Amino acid sequence: MKIQKDEKRLRTLLRTYKIDTLFSADDLPFELAVFEKGEFLNNVIDPQDYLCFPVSGTYRILHVRDDDSVSIVYAGSGFTCFGDMEFARNDRSLFLIEIVRRTTCIILPLANIRDQLKNDPVFLYYLLSSAADKLQRITWSTAIPKDMRQRVLHYIRTECPDGILQGVGIACIRLNCSRRQLQRILKDLCDDGILAHTAKGTYTLTK
């Protein structure tokens, strides 16, 4: 991880992603950080001590079982919040956060503001919303069909805005399958008239 001392870019990202609207206070000690592919966020910053808002890149959340086997809880990209569950539980993270592609984050150290945030109704409402969204995503991951074709369709219908899959790479991570396997299924769905290949890496649900 590298901290970027670029106040102008930090302020631009805070406005663009409306992060400053998630809190009542307007003088919080935000920092801009970049995580490289292969890093584990937990090994660099503890989600119990920081809120971390990724604004670009790709990441996945992993659960390590007692037998050391690993399962993917969630994979995605773009804006979310790491550390919200740890803040609510006041406990260490139960998961590992792996950076799949270079990821830019806005981080907020909690050392001196934890009590302030515990009494901030604007932030607490966001915390509730963020936790509910993650619960929904985890529920989705346990409810998807076992058949890969049906999993792909379920993913497009429930996870892709307007039924449009954009980015095969992200879908592979999310569905835990190879690019070749996904491309074959997408082609079959296009041949069956269920999807339309509308642009490079873009597939639109037609029925």
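Position 1 is the first residue of the sequence; numbering continues from there. Here the structure is a predicted model, which means the values were calculated and not measured.
Ring orientation note: the planes of Phe30 and Phe23 are nearly perpendicular, at an angle over 60° on the 30°/60° scale. Taking the six-membered ring where tryptophan is involved, the planes of Phe123 and Phe87 are perpendicular, since the angle between them exceeds 60° and thus also 30°.
Taking hydrophobic clusters as Ile, Leu, Val, Met, Phe, Trp and Tyr residues chained together by side-chain heavy-atom distances below 4.5 Å, Tyr50 shares a cluster with Ile3. Clustering ILVMFWY residues whenever any of their side-chain heavy atoms sit less than 4.5 angstrom apart, transitively, puts Leu13 in the very cluster that holds Ile19. Residues Leu32 and Phe79 share a hydrophobic cluster, clusters being chains of Ile/Leu/Val/Met/Phe/Trp/Tyr side chains in contact below 4.5 Å. Hydrophobic clustering keeps Tyr155 apart from Ile164 (ILVMFWY residues linked when any side-chain heavy atoms are closer than 4.5 Å, directly or through intermediates). No continuous path of hydrophobic side-chain contacts links Phe95 to Met85 [ILVMFWY only; heavy atoms under 4.5 Å].
In this structure, CD1 on Ile156 lies 5.0 Å from CG on Leu165, to the nearest 0.5 angstrom. Interatomic distance, Leu28 CG to Asp120 CG, rounded to the nearest 0.5 Å: 8.0 Å. Taken to the nearest 0.5 Å, the CG atom of Leu22 stands 11.5 Å off from the OH atom of Tyr125. Between the CG atom in Leu124 and the OG atom in Ser129 there is a gap of 12.5 Å [rounded to 0.5 Å]. Of the inter-residue distances, the one linking Arg114 atom CZ with Leu51 atom CG reads 8.5 Å to the nearest 0.5 angstrom. Atom CD1 in Ile45 sits 9.0 Å away from atom CG in Asp49 (nearest 0.5 Å).
The shortest side-chain heavy-atom distance between Thr103 and Thr58 does not fall under the 4.5 Å cut-off. At least one side-chain heavy atom of Gln183 sits less than 4.5 Å from a side-chain heavy atom of Val168. Using a 4.5 Å heavy-atom cutoff, the side chains of Val152 and Gln150 are not in contact. Using a 4.5 Å cut-off on side-chain heavy atoms (C-beta onward), Asp26 and Asp20 make no contact. The shortest distance between side-chain heavy atoms of Glu31 and Pro109 falls below 4.5 Å. Looking at Thr104 and Arg9, their side chains come closer than 4.5 Å, going by heavy atoms from C-beta outward. Side-chain contact between Leu153 and Ile185 is absent, with no heavy-atom pair separated by less than 4.5 Å. Within the 4.5 Å cutoff, no side-chain heavy atoms of Thr206 are placed close to those of Leu195.
The environment of CZ in Phe40 is crowded: more than 12 heavy-atom neighbours from other residues, nucleotides or ligands sit within 6.0 Å. Heavy atoms from other residues, nucleotides or ligands lying under 6.0 Å from CZ of Arg89 number more than 12. No more than 12 heavy atoms of other residues, nucleotides or ligands sit less than 6.0 Å from atom CG of Asn112. Enclosure of atom CG in Asp191 by more than 12 non-hydrogen atoms of other residues, nucleotides or ligands within 6.0 angstrom is indicated.
Looking at residues two or more places apart in sequence or on another chain, you find no side-chain hydrogen bond (donor to acceptor under 3.5 Å, both in side chains) involving Glu39. Qualifying ring-ring contact (aromatic ring centres under 6.0 Å, His included) partners for Phe35, counting only residues two or more places apart in sequence or in other chains: none.
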CA sep, side-chain torsions, deciding dist, call: Cys177, Met148, side chain to side chain contact (heavy atoms under 4.5 Å, CB included): CA-CA 9 Å; Cys177 67; Met148 181 55 71; 3.7 Å; yes
Let me see the working for Tyr126 and Cys81 under side chain to side chain contact (heavy atoms under 4.5 Å, CB included), right down to the final yes or no. CA-CA 10 Å; Tyr126 169 71; Cys81 178; 3.3 Å; yes
Dump the intermediate steps for side chain to side chain contact (heavy atoms under 4.5 Å, CB included) on Ile61 and Leu96, then the final yes or no. CA-CA 6 Å; Ile61 300 174; Leu96 288 175; over 6 Å; no
Please determine whether side chain to side chain contact (heavy atoms under 4.5 Å, CB included) holds for the pair Val34 and Cys105, giving the CA-CA distance in whole Å, both sets of side-chain angles, and the decisive distance to 0.1 Å. CA-CA 6 Å; Val34 176; Cys105 298; over 6 Å; no
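The backbone N or O of Leu127 sits nowhere less than 3.5 Å from a side-chain atom of Asp84 that would complete a donor-acceptor pair. Remark: side-chain polar atoms of Thr16 are paired, donor with acceptor, to backbone N or O of Thr12 under 3.5 angstrom. Side-chain atoms of Tyr17 come within 3.5 Å of backbone N or O of Val55 as a donor-acceptor pair. Checking side-chain atoms of Asp192 against main-chain N and O of Ile194 turns up no donor-acceptor pair under 3.5 Å. A side-chain donor-acceptor contact under 3.5 Å links Thr21 to the backbone of Lys18.
Aromatic rings from Tyr59 and Phe82 are positioned such that their centres are separated by under 6.0 Å.
Scanning all heavy atoms of the two residues, the minimum distance from Gly169 to Arg101 falls at CA-NH2, 4.1 Å. Taking each heavy atom of Glu86 and Pro47 in turn, the nearest pair found is CB-O, 3.7 Å.
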